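Take a look at the structure below.
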Amino acid sequence: MNQKEPVIVKVSGPLVVAENMHHCKMYEVVRVGEEGLVGEIIRLERGNAFIQVYEETAGIGPGEIVKPTGKTLSVELGPGLLETIYDGVQRPLKVLEEKSGHFLARGISADGLDHAKKWDFVPTVSKGDMVSEGDIIGTVQETSLIEHKIMVSVGIKNAKVESIEKGQHTVLDKIAVLVDENGTKHELTMHHYWPIRNPRKVLKKRVPEEPLRSGCRSIDMFFPITKGGAGCIPGPFGSGKTVTQQSLAKYCDAQVIVYIGCGERGNEMTEVLNEFPHLTDPNSGEPLMRRTVMIANTSNMPVAAREASVYTGITIAEYYRDMGYNVALLADSTSRWAEAMREISGRLEEMPGEEGYPAYLGSKTAEFYERAGAVNCLGSEGRQGSLTVVGAVSPPGGDLSEPVSQNTLRVTKTFWGLDAKLAYQRHFPAINWLKSYSLYLPNLDKYMKENVASDYWDVRGLGMSLLQQESKLEEIVKLVGPDALSVREKLILLVAKSIREDFLYQDSFNPEDAYTTNQKQYHMLKTILAIYNEGLKLVDREDFDFAKLEALPSIQKIAKVKELKMDESGKATAFEHVQSEIAKEIASL
Ligand SMILES: Nc1ncnc2c1ncn2[C@@H]1O[C@H](COP(=O)(O)OP(=O)(O)O)[C@@H](O)[C@H]1O
Ligand SMILES: [Mg+2]
């Protein structure tokens, strides 16, 4: 007898249940219904498959057929990823639009990579060379910014290059033949597929020791993240999560950016999609998209695609990391991802955990952020790469005790807490300096001392301590008024105010102010702190008139400290000049 055909028995929003699916496996991709909607098996139970469908399921019903594909949900990796905007299951939006117009038709297949485009492949190994998994065998200039490395597929070991073909090839063309130690022949192309839920293989994870420079003074000086670190940006609606993620995408010194957008507002993703392709990279002057891959979940896209999108994004990010690049993955907002998980879990009728989120929210969140890291890449060349992951979290009402924030805080080491009150006061970035933290300070100790200044951490420590003292003094002022303060305390308030207004405040939309180097940040802060260090020499004098100190011309000048420039040679003459003026004027009092 013929085996019975798989058919749909139930449809519940993005979840479809089909029977006669005994021969299928978990995470297998299936085509659902007459239209062949893309779906993935997320539970198997006595021949019934529970399928999350990445397309709108309205109109699909019981009795319609389901076709297994035998493949797990994978991304296609190879040249042509950069500059592309994808949906959550790696279909290029441009191709979808060409095939179906503005209203997304269903069941459309679209390859992740352009299979017709020819790339100029330049071999870096020759016939007779020995290679193993992860080794680079050639390159393709993917964009003006990024050279794509073609690597030997995972699983191939000690293979001899039998042939390798320079020249114009599509990603499907055979570019090399390898013969491994067992005599098995492997024909290599420039593309391959990788299952998105499995981390890509690396030789080993290293302790991250270099900063990811963001150019944002609050971040780099006070709450830094490493290349290979994991960070989160929680904050209520309108506090600046998206602006922060986008400035990271524009300015941070990763070589490749993967930006996953799950918009909070309906039109937010559209804004990003319209704006990004027109931005230029401030470092190279090239269009920013040449180092960027975007995954877009607009609000009209189905919830299951959102669930998959973070895995699609991080797998692409890992792939560039494996080439030896520093990659940054920015996900905005991961709360939308968690909500997608919650919806699907609800439809599966799983036992709900806190606030209806599935009990595995914590482990899924951890697995995601654990894919960040500084690594020794697979391959014998000793390449190093890194993947930094920063996720925005949008807790309802800004209350961090909710499950998504809590689970994210548990696994990320940098916390940039955005504050509604600061945003309301238009203090940007609205990163609360009292609540935020970075656990990467010990990792960066050596790097900052060697590359910026030997007293870097003293300067940072004093700045932070004055901000903390300020908040305590403000409490006192609230209770007993400002007259009760000593001169020393007044000095602390004066300098802390300057740190807030002249150092922390930074306008992301002003090209002059949006990016500050580590060196300049250090000298700015040190110049502001000169007021404190010099002022301290006077505070114990009985006849000291604080108003006179405040009125000194050099102290007035501090408001313009961000306009000072470092010398071409890297010296800080302009800053040192203001510091010595401060010292002279205070001494003359
Ligand atoms: N660093 C910044 N510099 C200047 N303006 C900012 C900055 N961060 C946020 N803003 C302002 O706050 C608004 C809301 O920020 P947004 O990132 O969209 O909030 P969220 O994503 O948290 O809802 C922005 O449109 C902008 O006007
Ligand atoms: Mg936002």
Side-chain angles (χ1 to χ4, degrees), residues 212-225 231-252 257 259-276 279 282 294-299 301 306 309-310 313 329-340 390-400 402 404-405 408-409 412 414-433 435-436 499-516 521 524 562:
L212 181 80
R213 293 179 200 79
S214 71
C216 170
R217 298 186 286 268
S218 174
I219 291 178
D220 293 350
M221 176 60 75
F222 289 115
F223 313 110
I225 187 163
C232 71
I233 316 180
F237 182 74
S239 58
K241 296 180 294 296
T242 302
V243 173
T244 308
Q245 291 276 44
Q246 289 184 8
S247 9
L248 285 170
K250 286 179 214 167
Y251 297 112
C252 86
I257 305 288
Y259 190 98
I260 307 173
C262 304
E264 307 268 66
R265 288 176 280 125
N267 55 357
E268 191 170 68
M269 242 1 260
T270 324
E271 284 166 25
V272 176
L273 293 181
N274 288 335
E275 191 199 353
F276 242 83
L279 297 175
M294 290 192 72
I295 318 280
N297 295 282
T298 54
S299 46
M301 286 181 189
R306 219 191 291 152
S309 66
V310 305
L329 176 117
L330 309 165
D332 178 27
S333 146
T334 60
S335 296
R336 302 282 88 81
W337 167 51
E339 282 161 19
V390 176
V393 183
S394 28
D399 172 15
L400 293 185
E402 57 87 41
V404 184
S405 306
T408 307
L409 288 181
T412 52
T414 296
F415 169 77
W416 299 313
L418 298 184
D419 193 308
K421 208 167 111 210
L422 290 173
Y424 181 75
Q425 294 165 354
R426 314 239 13 109
H427 175 98
F428 289 119
I431 297 174
N432 184 315
W433 51 89
K435 291 191 188 137
S436 301
I499 298 176
R500 281 190 284 112
E501 294 180 357
D502 308 321
F503 184 83
L504 291 180
Y505 176 84
Q506 193 170 3
D507 185 355
S508 285
F509 298 111
N510 174 353
E512 292 292 315
D513 193 26
Y515 186 89
T516 309
Q521 292 182 18
M524 280 175 74
K562 62 178 72 160

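Predicted model only: the values in this text are computed from it and were never measured. Order of listing sets the numbers, starting from 1, for every ligand and every atom in it.
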Apply side-chain hydrogen bond (donor to acceptor under 3.5 Å, both in side chains) to Q245 and D332, showing your working.
-> CA-CA 7 Å; Q245 291 276 44; D332 178 27; 5.2 Å; no
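Within ligand 1, the atoms closer than 4.0 Å to a non-hydrogen atom of P236 are 22 (O), numbered from 1 in the order shown. When each atom of ligand 1 is checked for a heavy atom of D507 under 4.0 Å away, the hits are 3 (N), 4 (C). Under a 4.0 Å criterion applied to the non-hydrogen atoms of F509, ligand 1 contributes the atoms 4 (C), 5 (N), 6 (C), 26 (C).
One distance of note links CG of L329 with OH of Y259; it measures 11.0 Å at 0.5 Å rounding. Between atom CD of residue Q506 and atom SG of residue C216 there is a gap of 5.0 Å, rounded to the nearest 0.5 Å. Once rounded to the nearest 0.5 Å, the distance linking NZ of K250 with CD1 of I257 reads 12.0 Å.
A heavy-atom separation below 4.0 Å is found between S239 and ligand 1. At least one heavy atom of R426 sits under 4.0 Å from some atom of ligand 1. Not a single heavy atom of A430 sits closer than 4.0 Å to an atom of ligand 1.
In this structure a side-chain-to-backbone donor-acceptor pair under 3.5 Å is present from S335 to S394.
With sequence neighbours excluded, the residues that form a side-chain contact (heavy atoms from CB on, under 4.5 Å) with T244 are I219, I233, L418. In this structure, the side chain to side chain donor-acceptor pair (under 3.5 Å) partners of D513, at least two apart in sequence or on a different chain, are R217.
Remark: ligand 1 and V243 share an N or O pair separated by less than 3.5 Å (distance only, no angle test). Below 3.5 Å of separation, one finds an N or O of G240 facing an N or O of ligand 1. Looking at T244 next to ligand 1, no N or O pair under 3.5 Å apart turns up.
Nearest residue to atom 14 (C) of ligand 1 from A423, S218, S508, G238 is G238 (criterion: closest heavy atom).
Remark: Q425 CD is packed, more than 12 non-hydrogen atoms of other residues, nucleotides or ligands lying under 6.0 Å away.
Distance check for S333 against the Mg ion (ligand 2): none of its N/O/S atoms falls below 2.8 Å.
Neither the backbone nor the side chain of S247 has any atom closer than 4.0 Å to an atom of ligand 1 (non-hydrogen atoms only).
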